[in-house]
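Report on one structure; see the data block that follows.
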Amino acid sequence: MTERIKKAGRHISQNEGLIFEQSAPGKRGVEFPPLDVPAIDARTALGAAYAREGVAGFPEVSEIEVMRHFTRLSTWNYAIDLGMYPLGSCTMKYNPRVNEFVARLDGIATEHPYQPQELSQGCLKILKLLLECLAEITGMDTGTLEPAAGAQGELTGLLLIRAYLEDTQGRPRKKVLIPDSAHGTNPATAVIAGYEVENVPSDERGQIDIARLKQIVNSDVAGMMVTNPSTLGVFEQNIAEAAEVLHAHGALLYMDGANMNALAGVARPGDFGVDVMHLNLHKTFSTPHGGGGPGAGPVMVKKILEPYLPIPVLEEKDGRLALDNQKRKSIGRVRAFGGNFGVLVRALAYTLAYGPGIRQATEDAVLNANYIRKKLEDVYDMPFNSPSMHEVVFSDARQKKNGVSTMDIAKRLIDYGFHPYTTAFPLIVPGAMMIEPTESESRQECDLFVDAMRAIAEEAAKNPELVKTAPHHTRVSRLDETAAARKPVLRWKPKVHGS
Ligand SMILES: *Cc1c(COP(=O)(O)O)cnc(C)c1O
């Protein structure tokens with residue numbers, strides 16, 4: 001443990017017994033006064049089948065013990081409000097409280113989606129303004145705010161490409177090209193949208209190989225999905241050229257813009273040939289990720305795809321806003337009530353709070369990632385040397401020689417009081433360690449993280465066992481993560497004697 005981390009109090013212990021272990025016979029939370037009415041036997045009153053004498057193994061604790069135990073546990077959930085959350089690709093940035101304030105205003109929080117449209121003009125205006133801001137930031141013409149996540153945005157985008165090709169060329173075509181540096185959701189989306197996936201290899205700099213692309217693309221290709229910046233945290237230098245190659249063959253370019261936080265205010269996908277893209281408001285635009293939702297993955301498009309956008313489409317007639325459900329060529333509805341409204345409000349609050357200053361947020365995010373890169377590149381292996389954008393990808397190649405993997409280092413970070421970075425992703429980097437500080441972090445916080453990472457690198461060299469058996473400060477160490485997700489134990493059951 002480094003002195004600086006100790007001083008910051010970050011190495012908090014998360015090692016507390018279960019409430020069952022704090023139990024002592026006879027302790028009670030509440031004491032009732034002596035009975036001053038006749039006692040009724042529960043078996044008589046309820047029937048023997050429904051009455052029980054007690055609960056075997058139930059903990060006996062006082063009220064304040066219960067209070068303190070659960071209050072302490074409630075602070076153990078690592079959160080961006082407690083410290084840096086360096087999960088690469090996830091963009092765990094701070095959710096400004098002004099967003100929460102705006103989303104809770106009367107007239108926004110209390111609106112009902114079935115309210116007549118004449119009485120919802122303010123809310124519809126919020127949606128319209130957000131769509132306009134996103135069009136400005138991305139350089140696209142228009143879009144839809146409906147999709148509830150990045151992945152759903154991808155599916156919506158590919159369904160738009162499908163509808164466009166069917167409408168204009170009479171067939172949806174067969175294949176979607178995906179570079180090997182793409183996010184994992186991209187190939188999954190293409191398959192669900194009914195396409196075959198063909199891989200486009202990256203060159204030695206981690207960029208799309210244009211020569212290969214030219215060989216592969218033909219009239220069976222519906223389009224290409226490009227994660228930009230790629231999952232290597234690297235800008236696709238060849239993207240405009242890739243767009244030209246695709247367009248020459250009647251195919252479209254989809255950009256996975258989940259990482260738009262590296263471009264906002266600096267470069268616009270609409271200007272470099274992108275036809276359709278999604279954004280992750282719960283990444284770039286600072287809305288909460290939530291426990292699996294609700295998020296928002298708006299899809300932005302060029303004019304050619306507008307006729308196919310999901311219904312309802314927001315339209316302005318005689319100064320009034322209305323939702324149009326009658327679009328003949330629309331792919332249909334992808335989400336109830338035009339999307340996760342509360343999230344959209346927060347994203348608009350963030351966008352307007354920054355205004356053109358969103359460029360500063362982008363530059364700070366890129367600066368932070370490169371600061372961490374510079375401070376760590378002498379101790380961790382750097383698989384691709386292209387300039388980093390909003391995130392930096394190392395590999396565990398050096399530590400692997402001592403048997404220490406990216407997973408071990410991530411687990412050891414927990415002892416230092418940090419949430420782990422993203423492990424083992426992107427797939428084209430064996431033993432990847434993907435770090436994204438975001439613009440939220442101060443230099444002090446980045447320094448603490450660097451301290452922790454450097455201390456762990458030293459431990460991995462001198463005492464690899466310590467890292468391989470981490471975390472040491474938590475109640476339980478390594479869990480079967482698959483079983484924890486697939487077969488979670490969510491209910492307490494009394495211990496059967498002898499087990
Ligand atoms: C996060 C992410 C996604 C998926 O977004 P969800 O909202 O989790 O569905 C897709 N692509 C990239 C590049 C991402 O970082």
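Nothing here was measured: the structure is a model prediction, and the numbers come from that model. In listed order, ligands and their atoms are each counted from 1.
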Count the heavy atoms belonging to other residues, nucleotides or ligands that lie under 6.0 Å from CZ of Arg97, then report whether that count exceeds 12.
-> yes
Before giving the answer on ring-ring contact (aromatic ring centres under 6.0 Å, His included), spell out for Phe341 and Phe337 the whole-Å C-alpha distance, their side-chain angles and the decisive distance to 0.1 Å.
-> CA-CA 8 Å; Phe341 182 68; Phe337 304 127; over 10 Å; no
Please assess Arg335 against Asn340 for the test side-chain hydrogen bond (donor to acceptor under 3.5 Å, both in side chains), listing each intermediate value before the final yes or no.
-> CA-CA 9 Å; Arg335 174 92 185 150; Asn340 284 329; 2.9 Å; yes
Contact residues of ligand 1 (heavy atom under 4.0 Å), by chain and number | Ser89, Ala149, Gly150, Ala151, Glu154, His183, Thr185, Thr227, Asp256, Ala258, Asn259, Asn280, His282, Lys283
Give a yes/no verdict on a cation-pi contact between Arg412 and Phe418, requiring under 6.0 Å between NZ or CZ and the six-membered ring centre and an angle within 45° of the axis.
-> no
Might you work through the side-chain hydrogen bond (donor to acceptor under 3.5 Å, both in side chains) test for Ser395 and Asp381, ending with a clear yes or no?
-> CA-CA 5 Å; Ser395 95; Asp381 175 67; 2.8 Å; yes
Take Thr185 and Glu154 through the test side-chain hydrogen bond (donor to acceptor under 3.5 Å, both in side chains) and record every step on the way to the result.
-> CA-CA 8 Å; Thr185 46; Glu154 290 173 32; 2.7 Å; yes
